[in-house]
Amino acid sequence: MSPPVLYYLPPSPPCRSILLLAKMLDLDFELKIVNILEGEQLKPDFVAMNPQHCVPTMNDEGLVLWESRAILAYLVAAYGKSDALYPTDIRVRALVDQRLHFDLGTLYMRLTDYYFPTMFIGAPLDEGKRAKLTEAVGWLNSILEGRQYAAAEHFTIADLTLLVTVSQLEAFEFELRPYKHIRQWLDRCKDHMAPFGYEEINVTKANLLADMFKAKMNQSGGS
């Protein structure tokens with residue numbers, strides 16, 4: 001069997017979550033960079049494989065998946081030595097799935113809505129979008145109250161995808177001090193992921209995006 005192929009861009013938060021999980025599973029990908037800043041995702045062969053032309057995209061022996069949270073779930077099922085990261089207990093899995101969807105549709109979406117227009121095209125920051133992001137961070141803080149981890153009694157892929165999102169907020173210097181439960185959970189997750197290339201795969205690339213954002217802010221005089 002040949003290894004799964006991962007089409008990715010290293011600074012992309014969703015791509016970082018896949019790379020971190022690969023370290024946890026001791027899984028080697030065939031890695032292919034797709035530079036979306038240069039439009040490489042629009043090449044005909046890539047569009048033929050993934051009409052949505054987004055990264056990460058994975059091809060495992062002809063199974064083509066995109067959307068990082070779907071890839072995370074598949075990789076644990078296909079390559080995990082246990083179900084710990086994506087439990088098969090239906091009630092626990094339901095909570096993991098809910099947290100994955102919360103990250104996709106609410107927290108990460110609101111992060112990108114607020115920061116990315118400035119970072120990529122120099123648009124002015126929108127205080128309405130910041131308020132929506134702050135609301136979502138507050139919801140996560142409430143979700144984590146009384147919990148060691150986001151969905152189960154131990155670390156799961158729900159924690160992994162939320163960790164990448166929250167660490168990107170941290171790199172963007174979003175003020176996390178008011179959110180005690182998030183801060184405690186964040187420290188716990190960082191410790192858990194430290195042996196799996198967390199600093200190299202995630203922190204350095206989160207800082208790279210933050211530097212891009214700050215550069216655009218400086219060009220526009222801030223706001």
Are [Y] and [X] connected in a single hydrophobic cluster, I mean Ile/Leu/Val/Met/Phe/Trp/Tyr linked by side-chain heavy atoms less than 4.5 Å apart?
X: V76; Y: L104; answer: no
X: Y114; Y: F116; answer: yes
X: L31; Y: L75; answer: yes
X: M109; Y: L163; answer: no
X: L169; Y: F120; answer: yes

In Å and rounded to the nearest 0.5 Å, what is the CD1 to CG distance from I157 to D103? 11.0 Å
dist R93:CZ -> D83:CG (nearest 0.5 Å) comes out at 7.5 Å
Looking only at heavy atoms, which two atoms of [X] and [Y] are closest? And how far apart?
X: G80; Y: L25; answer: CA-CD2, 3.7 Å
X: F46; Y: C54; answer: CZ-O, 3.6 Å
X: P87; Y: V92; answer: CG-CG1, 3.7 Å
X: A150; Y: W185; answer: N-NE1, 4.0 Å
X: P10; Y: R16; answer: O-CG, 3.3 Å
X: A151; Y: T156; answer: CB-OG1, 4.4 Å

Does any N or O in the side chain of [X] come within less than 3.5 Å of the main-chain N or O of [Y], such that one atom is a donor and the other an acceptor?
X: E38; Y: E40; result: no
X: T118; Y: A123; result: yes
X: N59; Y: V5; result: no
X: S17; Y: P14; result: yes

Can you list the steps and then say if L21 with L160 is a side chain to side chain contact (heavy atoms under 4.5 Å, CB included)? CA-CA 8 Å; L21 180 64; L160 181 56; 3.8 Å; yes
Could you tabulate the donor-acceptor pairs under 3.5 Å formed by side-chain atoms of residues 133-143, not counting sequence neighbours?
{"residue": "T134", "atom": "OG1", "partner": "R130", "partner atom": "O", "Å": "3.0"}
{"residue": "E135", "atom": "OE1", "partner": "R110", "partner atom": "NH1", "Å": "2.8"}
{"residue": "N141", "atom": "OD1", "partner": "H181", "partner atom": "N", "Å": "3.1"}
{"residue": "N141", "atom": "OD1", "partner": "I182", "partner atom": "N", "Å": "3.1"}
{"residue": "S142", "atom": "OG", "partner": "G138", "partner atom": "O", "Å": "3.3"}

Around D26, counting heavy atoms of other residues, nucleotides and ligands shown, do more than 12 lie under 6.0 Å from its CG? no
For the pair Y8 and T57, evaluate side chain to side chain contact (heavy atoms under 4.5 Å, CB included) and give the outcome as yes or no after the intermediate values. CA-CA 7 Å; Y8 79 120; T57 294; over 6 Å; no
Do the side chains of [Y] and [X] get nearer than 4.5 Å, heavy atoms only?
X: Q148; Y: R188; result: yes
X: F102; Y: L162; result: yes
X: L95; Y: R147; result: yes
X: S167; Y: N202; result: yes
X: V203; Y: Y198; result: yes
X: F196; Y: I201; result: no
X: M193; Y: M24; result: yes
X: E170; Y: L176; result: yes

Between [X] and [Y], does any side-chain donor sit less than 3.5 Å from a side-chain acceptor?
X: Y108; Y: D113; value: no
X: N50; Y: Y7; value: no
X: T204; Y: E199; value: no
X: Y86; Y: D97; value: yes

Which residues satisfy the salt bridge (Lys or Arg N to Asp or Glu O under 4.0 Å) test with E30, sequence neighbours excluded?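 Applying salt bridge (Lys or Arg N to Asp or Glu O under 4.0 Å) to E30 gives K32.
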Between H154 and D159, does the side chain to side chain contact (heavy atoms under 4.5 Å, CB included) criterion hold? Intermediate values first, please. CA-CA 9 Å; H154 57 272; D159 296 286; over 6 Å; no
Parallel, tilted or perpendicular: ring planes of H192 versus F155, cut at 30 and 60 degrees: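 If you compare the ring of H192 with that of F155, the planes turn out parallel.
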Would you sort out whether E173 and K214 count as a salt bridge (charged side-chain N to carboxylate O under 4.0 Å, His left out), showing the intermediate values? CA-CA 10 Å; E173 299 179 354; K214 290 169 190 171; 3.3 Å; yes
CA sep, side-chain torsions, deciding dist, call: K129, Y115, side chain to side chain contact (heavy atoms under 4.5 Å, CB included): CA-CA 9 Å; K129 290 180 178 179; Y115 289 103; over 6 Å; no
Is the shortest side-chain N to carboxylate O distance from E200 to K205 below 4.0 Å? no
